[in-house]
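Worksheet: one structure, shown below.
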Amino acid sequence: GYEPKWWKEAVVYQIYPRSFKDSNGDGIGDLNGITEKLDYLQKLGVNVIWLSPHYDSPNADNGYDIRDYEKVMKEFGTMADFDRMLAGIKQRHMRLIIDLVVNHTSDEHKWFVESAKSKTNPYRDYYIWRDGKPNPSAPNGFDPPNNYPSFFSGSAWQYSAPTKQFYLHLFAVKQPDLNWDNPKVRESVYSLMRFWLDKGVDGFRMDVIPLISKQPGLPDLVPGTDFVKLWANGPHRDEYLQEMNKKALSPYDTMTVGEAIGITLAEEPKIIDDNRHELNLVFNFDAMRISRGDGYSARKWTLPQFKAIYTNHANVLSKTSWDTVFLSNHDAPRLVSTFGDDSAEFRVPSAKLLETMILTLRGTPFLYEGDELGMTNYPFTKLSQFDDIEVKNAYKAKVLTGKMSEEQFVAEAHQFGRDNSRTPMQWDATSNGGFTTGGKPWLAVNPNYAQINAASEVEDKDSVFAYTQQLIALHHAHPALVYGDYKDLDPENDKVFAYTRTLGDERFLVVLNFSGSSIEFAWPDEVKAARLVLDNLPGLHGTGKGRLSLNPWEARIYKY
Ligand code: ISL
Ligand code: CA
């Protein structure tokens, strides 16, 4: 069996603080806002909170560009507010993991400010500096040192006048990459980790952590290489993670989850196998990204392909590694708009179906704020409605260069842009969805807040919230839903996802109709005596002889 661990049994809820709850009317969510809503989270039943970055930052990328790791972002409050929030979390027997963004810092971090000053500055080697290639017709007389692209469009190199060299930034210009090959950088990171662990945080979600070890010599990318894979597999990645585990994490009882961009499923055990002493968990994006092609383009996918991902996970991850289950976060569009059907007719049942899946598959489930209400994508119609640096830079690179029409770009960003999930939480039917008492939230609230909001859902026993609450309680109550084996009963079925979770003589059967039409599903023989535990469309079901009649987007959980 599996070694029991609290982080295997947890139900995690991600908070994007900027969008969660504004307590002082400046239009920006804050830590006191989170503290106000801890009772709400406790009522929902989640028991671990992942907090997106709360540190001092100039917000080029909403806090993923950190200026001071040991200070709270002033818009979010003070260290005293943080301590109060953490105490409130502990009081309610919940835990907190915070975002560790250490592949890069802000260019306003004191390390970088020093580093940029001169080639002999003691902090010079905290970052990655290289000479450019002389080119008299280039803007500064130099081309970038190599052909690396940035995730946020353009070159990954920025020229810096004082020393006439370039620095590497795999993300925005204001996010210079740290040089992890410098032992002083690593010690500085371990020290800031201890700072927060000593305060009592329970672990970290680690931003783009596989990118910390760079390719020796930084040679040009060969055209056609999958650069994310290459960057994620630097030669010292595991050595540095093992060192971090030993020096920073091992004295504490932590949960660590790495954002494993560029890591294939087959390679995951290198990072998460218990015997490797690196991280506990990683996010694998195969399922979440199945509907997406390059940039913001869509990709066709089928249910059998989607189901195969989970079967592969069950096969590859051994007894000594543990999975995560999620389909949404602050970088992805809304859950129900992407994997369900957010039309008036099917929004509620399909949102409930997706929550059913996330809370009954094998692995630690991660919910993103607002999923429990069935919040949807924002009806974007023009560029000026977006705030995200990724969208703005992609617009410059694609539309301003004539590669794509503005209309098509906005349509694609509407479907996949990160701001879809960053619109403020919809707390009630008052103006701005009750997110702020001030006039203007930093990003517009989805106009559907009058219909979709927490206040009405908490009161309504048929709401997505109430259903999610029941599912979370079920997940906590039954070890089979945590540790049970997983089996897909009908991998080829292109409308129904049906699987069992089995531990000893406890067995659950989950049947999900991933379609907008009614269908019949043949009972597996042994299930005849099963008891219906939860149904997202109660009272509507027909159970014929050896067949289940499923309504559109119906989800059922049986126990036998
Ligand atoms: O979101 C993406 C595409 O829409 C990804 O490319 C994303 O940038 C990538 O998964 C890394 O994400 C993380 O690091 C970024 C930050 O902007 C994201 O919010 C964060 O989750 C840089 O710190
Ligand atoms: Ca505020």
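Both counts, for ligands and for their atoms, begin at 1 and track the order of listing.
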Hey, would you say the [X] and [Y] ring centroids sit under 6.0 Å apart?
X	Y	answer
Phe366	Phe283	yes
Trp196	Tyr69	no
Phe171	Phe151	yes
Phe386	Phe380	yes
Phe306	Tyr310	yes
Phe227	Tyr148	no

Looking just at side-chain N and O atoms, do Tyr64 and His330 make a donor-acceptor pair shorter than 3.5 Å?
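Judged by distance alone, the side chains do pair up.
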Please round to the nearest 0.5 Å and tell me the distance separating atom CD1 of Ile66 and atom CE of Met73.
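Here the interatomic distance stands at 8.5 Å.
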What N, O or S atom of [X] is found closest to the Ca ion (ligand 2)?
X	answer
Asp30	OD2
Asp22	OD1
Asp26	OD1

Just which atoms of ligand 1 are under 4.0 Å from any heavy atom in [X]?
X	value
His330	18 (C), 19 (O), 20 (C), 21 (O)
Arg292	4 (O)
Arg422	19 (O)
Ile261	10 (O)
His104	22 (C), 23 (O)

Which bit of [X] is near ligand 1, meaning a heavy atom under 4.0 Å away: side chain, backbone, both or neither?
X	value
Asn62	neither
Phe416	neither
Met206	neither

Contact summary for Pro149 and Ala156, nearest pair of heavy atoms:
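Looks like O-CB, 3.6 Å.
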Could you pull out the closest heavy-atom pair between Ile263 and Pro210, with the gap in Å?
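Nearest heavy atoms, Ile263 then Pro210: CG1-CG, 3.8 Å.
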Tell me which protein heavy atom sits closest to [atom], plus the residue, atom name and distance to 0.1 Å.
atom	answer
atom 20 (C) of ligand 1	Asp207 OD1, 3.0 Å
atom 16 (C) of ligand 1	Asp61 OD2, 3.3 Å
atom 7 (C) of ligand 1	Asp331 OD2, 4.1 Å

Counting backbone and side-chain atoms alike, is an N, O or S atom of Ile28 positioned under 3.0 Å from the Ca ion (ligand 2)?
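It does; at least one qualifying atom falls short of 3.0 Å.
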Any N, O or S atom of Thr436 closer than 3.0 Å to the Ca ion (ligand 2):
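No.
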Counting only heavy atoms, tell me which of Met288, Glu259, Arg289, Arg418 gets closest to atom 5 (C) of ligand 1.
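It is Arg289 that holds the nearest heavy atom.
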Judging by distance only, is a nitrogen or oxygen of Tyr296 under 3.5 angstrom from one on ligand 1?
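For ligand 1, there is no N or O atom that lies under 3.5 Å from one belonging to Tyr296.
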Derivation of the side-chain contact (heavy atoms from CB on, under 4.5 Å) call for Asp207 and Asp99
CA-CA 7 Å; Asp207 195 64; Asp99 224 303; 4.0 Å; yes
